[in-house]
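To keep things clear, I will list the structure first and then write my remarks on it.
All chains are named by letter (A, B, ...) in the order of the sequence lines, taking the proteins before the strands, and each is independently numbered beginning at 1.
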Amino acid sequence: MILSKSFYLRTDVLQIAQDLLGKVLVTNLDGTVTAAKIVETEAYRAPDDKACHAYNNRRTARTETMFREGGRSYVYLCYGIHHLFNVVTAPAEMAHAVLIRGVEPLEGIETMLERRKFSKLKPQLSAGPGTLSKALGITSALNDVDLTSVKSPIWIEDRGFSISRKGIKKGKRIGVDYAEECVEWQWRFWIDGSEWVSLRSGIKK
DNA sequence: CACGGGATCGTCT
DNA sequence: GACGATCCCGTGT
């Protein structure tokens, strides 16, 4: 069943980042459905987190989405090439978000292969925040949409996959070297042993 | 397998 | 005008 508003409105984004592991991210683009299990996440939390776009509660046209009520998408273009998908959490005015960094394909695998121009299923298909967006058809056109409605082009479901506390690993976030002391925070979470965790993560622990 | 660099453009200064 | 919450490919070992 689809995750309700109450799931997202909690104020502990580190908990939500862990609770999202095992949940299923679904896109429905003009009737083409793809779905994948979330296996890796990272938390970002204004105002204290220097790695967060909304650090110090900085409001710009881009970060405005993060200040909205939890349960919406935050998609932005990274390095001019990759569209990164985040889940906005917490009540309005608290700029918290969870970046989805790796997913395991479940449905619409043929479609994902086509989008990625892959001929065979392998982890590079959707291990990594940029590649999973490409596989699932996520672009900045899906920024700031409601994730709690099946009428949306994108939402998140609970399909009963259970992840034990012991099955969750944590480590430093990736690609945030500029964030000074926040670099050390272990705000990245993944399902232990998953093949679909981003490749850079595997290297850096 | 490790490393280095190029791609590419919206966003903010 | 500089810089990314990245990825992929080429090179060398």
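Residue contacts for A/Leu84: at a heavy-atom cut-off of 4.0 Å it reaches the sugar-phosphate backbone alone, with no base atom in range. Residue A/Leu77 is classed as a sugar-phosphate contact, given heavy-atom separations below 4.0 Å to backbone atoms only. Residue-level contact check: A/Arg173 touches neither bases nor backbone, having no heavy atom under 4.0 Å from any strand. Among the atoms of the strands shown, none is found under 4.0 Å from any heavy atom of A/Ser140. In this structure, A/Arg59 reaches neither bases nor backbone, as no heavy-atom distance under 4.0 Å exists between it and the strands shown.
Counting heavy atoms from C-beta outward, A/Ser194 and A/Lys37 have side chains that stay 4.5 Å or more apart.
One finds the CG atom of A/Leu84 at 4.5 Å from the SG atom of A/Cys78 (value rounded to the nearest 0.5 Å). Distance CG/A/Leu29 to CZ/A/Arg115: 5.5 Å, rounded to 0.5 Å.
Ion pairing between a basic and an acidic side chain is recognised when a charged N comes within 4.0 Å of a carboxylate O; A/Glu93 and A/Arg59 show such pairing.
Straight-line distance from the CG atom of A/Leu132 to the P atom of C/dA5: 16 Å, rounded to whole Å. Taking atom OH of residue A/Tyr76 and atom C1' of nucleotide C/dA5, one finds them 4 Å apart after rounding to whole Å. Regarding A/Asp177, its CG atom lies at a distance of 13 Å from the C1' atom of C/dT6, rounded to whole Å. Rounded to whole Å, the distance from NE2 on A/His83 to C1' on C/dC7 is 13 Å. When rounded to the nearest whole Å, the span between CH2 of A/Trp185 and C1' of C/dA5 equals 15 Å. Regarding A/Ile100, its CD1 atom lies at a distance of 12 Å from the C1' atom of C/dA5, rounded to whole Å.
The side chain of A/Arg101 contributes an N or O atom lying less than 4.0 Å from OP1 or OP2 of C/dT6.
Atom CD of A/Gln15 has more than 12 neighbouring heavy atoms from other residues, nucleotides or ligands inside a 6.0 Å radius.
Taking every side-chain heavy atom of A/His53 into account, C/dA5 is the closest of C/dA5, B/dC12, C/dC8. When each of C/dT6, C/dG4, B/dC12 is scored by its nearest atom to the side-chain atoms of A/His82, the top-ranked nucleotide is C/dT6. Considering only side-chain atoms of A/Ile81, the nucleotide from B/dC12, C/dA5, B/dT8 that sits closest is B/dT8. Picking from B/dC12, C/dT6, C/dC8 the nucleotide with the shortest atom distance to the side chain of A/Ala61 gives B/dC12. Closest contact between the side chain of A/Arg116 and the listed nucleotides B/dT11, C/dC8, C/dT6 involves C/dC8. The side chain of A/Arg62 has B/dC12 as its nearest neighbour among C/dC7, C/dA5, B/dC12.
B/dA7 has no base stacking with the ring of A/Tyr79 when judged by centroids under 5.5 angstrom apart and an interplanar angle below 30°.
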With salt bridge (charged side-chain N to carboxylate O under 4.0 Å, His left out) as the test, would you mind laying out the steps for A/Lys50 and A/Glu181 before giving the verdict? CA-CA 8 Å; A/Lys50 291 179 180 174; A/Glu181 77 277 9; 3.1 Å; yes

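Rounded to a whole angstrom, the distance from the P atom of C/dA5 to that of B/dC3 is 22 Å.
Within the shown strands, nothing qualifies as a pairing partner of B/dT8 under the Watson-Crick or G-U definition with both distances less than 3.5 Å.
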